[in-house]
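Worksheet: the structure to be examined is printed underneath.
First listed ligand is number 1; within each ligand, the first listed atom is number 1.
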Amino acid sequence: MQILSGKELSRIIQTQVKEDVAEWVAGGGKQPHLAVILVGNDGGSETYVGHKVRMCERLGIKSSLIRHSDGISESALLSEIEKLNNDEEIDGFIVQLPLPKHIEVNKVIAAIDYRKDVDGFHPINIGRMTQNTPCFLPATPYGIMQILEHYKIDTQGKECVVLGRSNIVGRPVSILMSNNGYPGNATVTVCHSRTKNLKEHTRKADILIVALGIPEFVTADMVKEGVVIIDVGTTRVADDTRKRGYRLSGDVKYSEVAPKCSAITPVPGGVGPMTVISLIKNTVRAVKGEVYEK
Ligand SMILES: NC(=O)c1ccc[n+]([C@@H]2O[C@H](COP(=O)([O-])OP(=O)(O)OC[C@H]3O[C@@H](n4cnc5c(N)ncnc54)[C@H](OP(=O)(O)O)[C@@H]3O)[C@@H](O)[C@H]2O)c1
């Protein structure tokens, strides 16, 4: 059984990105600048944003963290986005999700200039991803594709089952896996909470991508021998033996499922680290005008 280490791959890509940025700036290019809007003080969001900002610093990328209280109105947030759209110093920006309930997420995402949408959530980027034309890919699916490519996982003609249909993971990853190319060319089934006889689907999977947010949901009886598993789930589970009082749990019951796999991502150290570096890669592509001409 092979461990698909996103942590290791992320380190390799970080070295490449750092060199790439240094070379770009030395050649007279503009230093990339990522802005992050954080609304409220959700614990998970604070952690993710912290990772993003620190990684920017390490790789020679400027970052600006723009904080707002969770009482901010939707219109004030939309004005903030408009400011960043028009700020030539900012190459890319994201609005950290989730947002408070009184703010309509899709309205906020649609307000972002798609040429600065380094999270890849804007309808234009999603549409272009679906057409298999150049775009900013959503960071987590982009990270998953890089894991499959780096570890040379064969995807062509394989049965790929995706558990979960969120706009940020399940749905986009299902599109990428069915696109014509590598990694891709898989035959994809998307399952969700209304799927009947889930186990019948998961047991057919050559590649199983799990993005549910339900700790240890996938058990050994649900998969076949030799399956490749990408476990996206990251849930904080109370654990008194840890200093911080919790541990991170994936959606797969690793101890019993891993022995049946030909390859699997661990949690932590799998998809998580790839998400952050993929966002940074999108930011570098933005400053260089690699996706949309400047
Ligand atoms: N590592 C990373 O970088 C990263 C990035 C993003 C997310 N995550 C993690 O990935 C997990 C999923 O995140 P998300 O944002 O995609 O979650 P989400 O928006 O909550 O979506 C969960 C999906 O699971 C489906 N589902 C729920 N219960 C089910 C069941 N019993 N059987 C089959 N499907 C079921 C839901 O179906 P319905 O649509 O029918 O409700 C939904 O489509 C979370 O743990 C999150 O923290 C990790």
Side-chain angles (χ1 to χ4, degrees), residues 4-10 13-14 36 42-52 54-55 94-99 101 105-106 109 118-121 126 136-148 160-177 188-205 208-219 221-223 229-238 246-254 264-282:
L4 307 173
S5 172
K7 195 171 168 185
E8 233 174 84
L9 177 55
S10 166
I13 301 173
Q14 285 177 51
V36 179
D42 172 76
S45 294
E46 290 274 359
T47 309
Y48 298 138
V49 165
H51 286 318
K52 291 166 187 175
R54 280 195 298 279
M55 194 180 285
I94 66 165
V95 180
Q96 183 66 39
L97 302 181
L99 289 171
K101 288 200 169 61
V105 179
N106 285 339
I109 290 171
V118 286
D119 245 347
F121 294 158
I126 299 289
F136 292 118
L137 292 178
T140 303
Y142 186 16
I144 293 170
M145 291 298 121
Q146 290 173 89
I147 289 177
L148 295 172
C160 173
V161 176
V162 179
L163 297 191
R165 58 175 167 183
S166 71
N167 286 338
I168 62 168
V169 190
R171 199 175 280 278
V173 86
S174 71
I175 292 165
L176 291 171
M177 289 301 284
V188 180
T189 306
V190 183
C191 300
H192 43 78
S193 66
R194 313 292 168 90
T195 299
K196 294 203 170 100
N197 306 322
L198 190 74
K199 208 199 279 189
E200 275 178 27
H201 295 287
T202 57
R203 285 186 64 86
K204 282 188 197 144
L208 183 63
I209 302 177
V210 195
L212 299 172
I214 309 175
E216 303 194 332
F217 180 89
V218 175
T219 45
D221 57 316
M222 293 172 71
V223 301
I229 296 191
I230 305 289
D231 185 357
V232 186
T234 319
T235 307
R236 287 183 179 186
V237 176
Y246 68 88
R247 66 188 158 81
L248 292 182
S249 172
D251 288 344
V252 175
K253 196 161 189 184
Y254 190 89
I264 184 167
T265 57
V267 178
V271 175
M274 288 306 298
T275 296
V276 186
I277 189 63
S278 299
L279 167 72
I280 306 265
K281 273 181 88 167
N282 277 343

* Which value, rounded to the nearest 0.5 Å, describes the distance between S174 atom OG and R165 atom CZ? ->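 Result: 11.5 Å between the selected atoms.
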* D251 CG to I229 CD1 distance, which is reported to the nearest 0.5 Å ->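 D251 CG to I229 CD1: 11.0 Å, rounded to 0.5 Å.
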* Of all residues at least two apart in sequence or in a different chain, which pass the salt bridge (charged side-chain N to carboxylate O under 4.0 Å, His left out) check with R247? ->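 By the salt bridge (charged side-chain N to carboxylate O under 4.0 Å, His left out) rule, R247 matches D239.
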* Asked: Taking only residues two or more places apart in sequence, or in another chain, which ones meet K199 in a salt bridge (charged side-chain N to carboxylate O under 4.0 Å, His left out)?
  ->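 Partners of K199 under the salt bridge (charged side-chain N to carboxylate O under 4.0 Å, His left out) test: D221.
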Using atom types as modelled, flag every donor-acceptor pair under 3.5 Å from a side chain in residues 267-275 to any protein atom, sequence neighbours excluded.
residue: T275; atom: OG1; partner: T140; partner atom: OG1; Å: 3.1
residue: T275; atom: OG1; partner: V271; partner atom: O; Å: 3.4

* Run through ligand 1 for me and note each protein residue having a heavy atom under 4.0 Å from it, chain first, then residue number. =>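 Those residues closer than 4.0 Å to ligand 1 by some heavy atom are T140, G164, R165, S166, I168, V169, H192, S193, A211, L212, G213, I214, F217, V232, G233, T234, T235, G272, T275.
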* Test side-chain hydrogen bond (donor to acceptor under 3.5 Å, both in side chains) applied to S10 and K7, E8, Q14, the passing residue ->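 Among the candidates, only Q14 passes.
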